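Written out below as structure tokens is the structure these notes cover.
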2 protein chains.
Amino acid sequence: MQTEAAVSLEISRHPTSVLREQARSQGPFGMIGTPMRFGRNTEIYGEDEAAEYLYQVVSGAVRTYKILEDGRRQIAAFYLPGDIFGFEASDTHISSAEAICETQVMVVKRNALIVRASHERDLARQLWDATALELRRFQEHLMLLISSAEERVIGFLLDMARRAKKNAAIELPMSRQDIADYLGLTIETVSRTFTQLEQSGVIALPTSRRVELRNRAMLNRLTTA
Amino acid sequence: MQTEAAVSLEISRHPTSVLREQARSQGPFGMIGTPMRFGRNTEIYGEDEAAEYLYQVVSGAVRTYKILEDGRRQIAAFYLPGDIFGFEASDTHISSAEAICETQVMVVKRNALIVRASHERDLARQLWDATALELRRFQEHLMLLISSAEERVIGFLLDMARRAKKNAAIELPMSRQDIADYLGLTIETVSRTFTQLEQSGVIALPTSRRVELRNRAMLNRLTTA
DNA sequence: CGCGTAGTTGACACTATTCAATGTCTGTGG
DNA sequence: CCACAGACATTGAATAGTGTCAACTACGCG
């Protein structure tokens, strides 16, 4: 995968304008990035690989994760359209990244961006902002992990709803197992919690991947109950 | 506290050379920083305050934390001598910071550092490195929080031992409550886990704050058991 | 010496996990 | 168009691990 990226970075300097427009409106990548596609469950980069590229999600979704020695998987973050990932402020990735579903990303050579950033004040600022956001997400994630199962699930849903910019209904790209591995719960507990929330009327589940937030006030109350 | 810092930054440009020497050997702060002292349990900065300064611990220890709406406290990180904190890649602090015990820090104006970094390649690099380390610590912290109580405590102890550079014995500056709030456990569970580890012979507890790692091999095995 | 804080220990309740079974959706081939 | 396989999701019962509440102990400081 990494190899493909390298190739297309060299060859294709003028990707389809549709992609460029989409990305440009959302971040610093549109002007210099190269589009790539990744299929469901395919690796984008591996842990401990050199962090040669930065990525911005155009469509689809990405998970970053680590596998522990005993086989458990901890998902560090989900990235949705517009999000930048692969940028860990160091030259080695601290997680692996996979496409959750069919995903389009804009890819940019890290070095190129850093060089540009050294004389484009605006770009440097955007890189720091992306890093600050990353730190903030990690911290929010930490807060989730010390709460009860119900609070974790609600926190996750509210975060997804906010980031999807759909206030009432969200289409989850990730499986229950992904959610469980993100929240540090088992798939069964996640499932049970979804059902409880549905039964108490705060969410609706037309399909297992589609969540409608019915009672925002109660959801917000439950986050700290 | 913030005010004091501002004052001393303006007034005292030539702090005691002892402090400068100590800090210089450990990071980028020695050449431009100003020393400050904080007493036990005093605030260094508050959440959502403007991040005007960066700090480097000279002696003592610092905790950063957030208080949740329901009153629980999550400690985000502990900082030991040599560590840089208060730098969250954004212009607002995402946590509060307090001295755990009598603590000396070197303080530097964020702006000054950023200006210098723009033409001192080395300094810029150090800032990114500090940020990368911060991200790495957050991630390791995440991994801890999905484990069992025993694994969390062991992970914490191994981290402390590594950072204190003492391979066998560590003097913990923080209380059991601090450890509990860092690990997302109760003080009782932390205490019980310490006792268990002592009884199984992998650690010794000459006093409640002093921990000796007796069986490193077994400790490492237990981290993922 | 006595007080207050910090730490430990015990009994019990409760939450999430484990293991197992059942249910649902999607895509494929008959 | 329907039947089936395989992956994904839900549900149930029993268990293990933490949390809660309360009592007790150890230590440092005035």
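These numbers come from a predicted model, not from an experiment. A, B, ... follow the sequence lines: proteins, then strands. Residue 1 opens every chain.
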Side chain of B/Arg209: nearest nucleotide among D/dC8, C/dA16, C/dA6? C/dA6
Any side-chain N or O of B/Thr195 below 4.0 angstrom from OP1/OP2 of C/dT9? yes
Could you give the CZ-to-P distance, from A/Phe194 to D/dA9, as a whole number of Å? 10 Å
Between B/Ile187 (CD1) and D/dG19 (P), how many Å, whole number? 12 Å
Classify the side chain of A/Arg176 versus the base of D/dT11 as yes if they form a donor-acceptor pair under 3.5 Å and no if they do not. no
From CG of B/Leu197 across to P of C/dT9 the rounded distance in Å is 12 Å
Side-chain contact check for A/Glu188: nearest option of C/dG7, D/dT11, D/dT20 is D/dT11
If I take atom CD1 in residue A/Ile179 and atom P in nucleotide D/dA9, what distance separates them, rounded to the nearest angstrom? 8 Å
Worked verdict on A/Arg210 versus A/Glu212 for salt bridge (charged side-chain N to carboxylate O under 4.0 Å, His left out): CA-CA 7 Å; A/Arg210 185 172 184 81; A/Glu212 292 169 7; 3.7 Å; yes
Taking C/dA16, C/dT8, D/dT11 as options, the one with an atom nearest any side-chain atom of A/Leu185 is C/dA16
Should B/Phe87 and B/Tyr55 be marked as a ring pair (Phe, Tyr, Trp, His ring centres under 6.0 Å) after you check the CA-CA gap, both sets of side-chain angles, and the distance that decides it? CA-CA 8 Å; B/Phe87 185 45; B/Tyr55 307 82; over 10 Å; no
Looking only at side-chain atoms of A/Thr186, point me to the closest of C/dT18, C/dG10, D/dT18. C/dT18
Rounding to an integer number of Å, can you tell me how far A/Asp178 CG sits from D/dC8 C1'? 12 Å
Can you confirm if the aromatic rings of B/Tyr182 and B/His141 lie within a centre distance of less than 6.0 Å? yes
Separation of C/dA6 P from B/Arg192 CZ (nearest whole Å): 19 Å
